[in-house]
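Computed over heavy atoms, backbone and side chain alike; hydrogens, waters and symmetry mates excluded.
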Amino acid sequence: MKITDSVAYIGVNDREIDLFEGQYHVPDGISYNSYVVFDEKIVVMDTVDKAFCDEWLEKLEESLDGKKPDYLVVSHMEPDHSANIVEFCRAYPDAVIVGNSKTFMMAERFFGSGFSKNRLVVKDGETLNLGSRTLKFIFAPMVHWPEVMVTYDDKDKLLFSADGFGKFGACEDINSADESGWADEARRYYIGIVGKYGVQVQALLKKAAALDIEKICPLHGPVLSGNLSFYLDLYDKWSSYTPETDGVFIAYSSVYGNTKAAALELKEKLAANGTEVEEADLSRDDMARSIANAFKYSRLVIATPTYNGDVFPSAREFISGLNERSFKKRTVGIIENGAWAPMASRVVKAMLEKCRDLTFAEPVVTVAAALDEKSREQIEALAESLS
């Protein structure tokens, strides 16, 4: 598949994978993207996961049509993109491997010191002339590993964005991105994998703002083109921890259904007030999506029973996920349940002490085993507070 007249796509789709990075459910699979830039010099942009080595090398050979690549640019050393560097060097021993000092430090840890005989170590902002175009290397440390760099092609105005702007899901057509179908899985991908590093993503966005970009070519998911401001605006919101949607996300866990009943009653009241609202069962629904939705909405409600003097395990996992990803700038409401000693609200607030710029909505709803008149009045008041 062509990205432009002089840039080809040679990535692969993984439809057998069940967990990406051993933790994120990917029912629609995932793509591992690789590209070839044709000019007086030929550049391959990244490799793919080791399970697809033969398929990738065949695509590369077919794309080259008898030519030899001059360079392999390594944007990111995570094994789903770098695993076939050694196989590439065996197939094309004269090609030069391009990376930064941290790239090669990591590569030697993966492959040993003698994995390639030709290396070009680049610094931030340095360029590589290919003939009619120049590639510019822009470092993006901690987006989301320390060696990451993105590459700008000044002729076709492409940004090869490493893991930035990626999404879950296999790609039948690499050029098939559309705004409506991109955001949900891109959000889950971003918040789960890159969410902690908002400051670093903001720094990269500032560098990208100085470039004339027509297409963004990520290492996962489709190539982005057309209304790039849509994608850039979402990345700006996600990385600045700015709510994407004015509304409420209710994340609940429940043992016998009473906490769930309280959460759903709150949802009904909020909806009746005209508030956009979504809920998830933390014990059954996808945890990564629930954490992403907490960042999507401007207000969050955590509903959990008291459990062994703590919160319910799935609620603890959820809150830990928020902490890990620097959750901030939100209003948080709490529904707790406890038949004899409700303590969940105290634990929730203590766990969220690590998060910055949070406002706790009042009142805390306390369900003493099952909903009663008092707890229903508290739900009514919390709905008013959050609307």
Side-chain angles (χ1 to χ4, degrees), residues 11-33 48-52 55 76 78-81 83 143-145 161-174 176-198 201 218-222 224 231 234-235 238-239 244-245 249-255 260 263 278-297 300-304 311-327:
V12 299
N13 284 313
D14 187 348
R15 294 185 176 86
E16 299 300 319
I17 187 172
D18 59 339
L19 293 176
F20 182 73
E21 291 194 349
Q23 58 179 313
Y24 300 104
H25 291 277
V26 283
D28 298 319
I30 196 158
S31 68
Y32 307 117
N33 296 346
V48 299
D49 186 86
K50 65 180 179 181
F52 299 89
E55 179 182 348
H76 182 22
E78 203 164 7
D80 55 335
H81 308 300
V143 187
H144 61 115
W145 279 22
S161 60
D163 269 353
F165 297 94
K167 70 178 284 290
F168 295 129
C171 292
E172 294 297 336
D173 180 356
I174 195 67
S176 63
D178 69 278
E179 296 173 13
S180 61
W182 183 83
D184 192 44
E185 285 293 68
R187 181 190 306 107
R188 190 166 71 99
Y189 176 92
Y190 173 87
I191 297 298
I193 295 170
V194 192
K196 180 179 180 179
Y197 304 108
V201 174
L219 288 177
H220 298 292
L224 307 180
Y231 308 103
L234 282 179
Y235 251 65
W238 297 340
S239 58
E244 185 183 336
T245 300
F249 178 61
I250 302 172
Y252 71 84
S253 52
S254 193
V255 182
K260 176 180 178 179
E278 184 175 349
E279 97 285 345
D281 181 340
L282 294 175
S283 297
R284 292 177 173 83
D285 295 328
D286 181 74
M287 183 61 72
R289 190 175 303 282
S290 294
I291 292 169
N293 278 336
F295 283 83
K296 176 182 177 181
Y297 287 94
L300 168 67
V301 174
I302 300 172
T304 174
V311 295
F312 199 68
S314 58
R316 172 164 284 277
E317 180 184 355
F318 174 73
I319 298 168
S320 296
L322 299 181
N323 279 324
E324 183 181 346
R325 292 159 180 84
S326 303
F327 187 68

Which heavy atom of Pro79 sits nearest a heavy atom of Trp145, and at what distance? CD-CH2, 4.1 Å
With side chain to side chain contact (heavy atoms under 4.5 Å, CB included) as the test, pick out the partner of Ile30 among Val12, Asp14, Asn13. Asp14
Closest non-hydrogen atoms of Ser326 and Lys196, given as atom of the first, atom of the second and distance, are OG-O, 3.9 Å
Taking all non-hydrogen atoms of both residues into account, name the closest pair between Leu282 and Ala315 and its distance. CD1-CA, 3.9 Å
Mind listing the closest non-hydrogen atom pair of Ala251 and Leu300 along with its distance? CB-CD1, 4.4 Å
Asp184 with Arg289: basic N within carboxylate O range, under 4.0 Å: yes
Given Tyr190, which of Phe165, Tyr235, Phe295 fulfils the side chain to side chain contact (heavy atoms under 4.5 Å, CB included) condition? Tyr235
Is it the case that over 12 heavy atoms from other parts of the model lie below 6.0 angstrom from the NZ atom of Lys260? no
As an exercise, state the distance from CG of Asp28 to CD1 of Ile17, rounded to the nearest 0.5 Å. 12.5 Å
dist Ser320:OG -> Ile291:CD1 (nearest 0.5 Å) comes out at 8.5 Å
Are Phe318 and Ser253 close enough that some pair of their side-chain heavy atoms sits under 4.5 Å apart? no
Provide the closest heavy-atom pair for Glu244 versus Trp238 in the form atom of the first, atom of the second, distance. OE1-NE1, 2.8 Å
Of the non-hydrogen atoms in Cys171 and Gly221, which two are nearest, and what is the gap between them? SG-C, 3.5 Å
How far does CD of Glu278 sit from OG of Ser290, to the nearest 0.5 angstrom? 8.5 Å
Return the set of residues passing salt bridge (charged side-chain N to carboxylate O under 4.0 Å, His left out) with Arg188 (not counting sequence neighbours), or none when no residue passes. Glu185, Asp286
With a 4.5 Å cut-off on side-chain heavy atoms, are Met287 and Gln23 touching? no
Dump the intermediate steps for side chain to side chain contact (heavy atoms under 4.5 Å, CB included) on His81 and Asp163, then the final yes or no. CA-CA 10 Å; His81 308 300; Asp163 269 353; 3.1 Å; yes
Any side-chain heavy-atom pair of Ile193 and Phe168 under 4.5 Å: yes
Could you grab the distance from atom CD1 of Ile302 to atom CZ of Phe312, nearest 0.5 Å is fine? 15.0 Å
Glu179: what forms a salt bridge (charged side-chain N to carboxylate O under 4.0 Å, His left out) with it, not counting sequence neighbours? none
Taking the side chain as C-beta and beyond, is there a heavy-atom pair between Phe20 and Asp80 under 4.5 Å? yes
Tell me every residue that passes salt bridge (charged side-chain N to carboxylate O under 4.0 Å, His left out) with Glu16, counting only those two or more places apart in sequence or in another chain. none
So, the side chain of Asp49 versus the backbone of Phe52: is there a donor-acceptor pair under 3.5 Å, distance only? no
Taking the side chain as every heavy atom from C-beta outward, state whether His220 and Tyr32 have any pair of such atoms under 4.5 Å apart. yes
How many angstroms lie between CZ in Arg316 and OG1 in Thr304, if you round to the nearest 0.5 Å? 10.0 Å
Can you tell if the side chain of Asp18 reaches within under 4.5 Å of the side chain of His25, non-hydrogen atoms only? no
Using a 4.5 Å cut-off on heavy atoms from C-beta on, say whether the side chain of Trp182 contacts that of Leu234. yes
Can you list the residues that meet the side-chain hydrogen bond (donor to acceptor under 3.5 Å, both in side chains) rule with Tyr24, with sequence neighbours excluded? Arg325
Just to verify, what does Ser31 make a side-chain hydrogen bond (donor to acceptor under 3.5 Å, both in side chains) with, not counting sequence neighbours? Asn33
OG-OH distance between Ser239 and Tyr197, expressed to the nearest 0.5 angstrom: 14.5 Å
Assess the residue pair Tyr252 and Glu279 against the criterion (side chain to side chain contact (heavy atoms under 4.5 Å, CB included)); give the C-alpha distance rounded to whole Å, side-chain angles, the decisive distance to 0.1 Å, and a yes or no. CA-CA 8 Å; Tyr252 71 84; Glu279 97 285 345; 3.7 Å; yes
Just jot down the salt bridge (charged side-chain N to carboxylate O under 4.0 Å, His left out) partners of Asp281, sequence neighbours excluded, or say none. Arg284
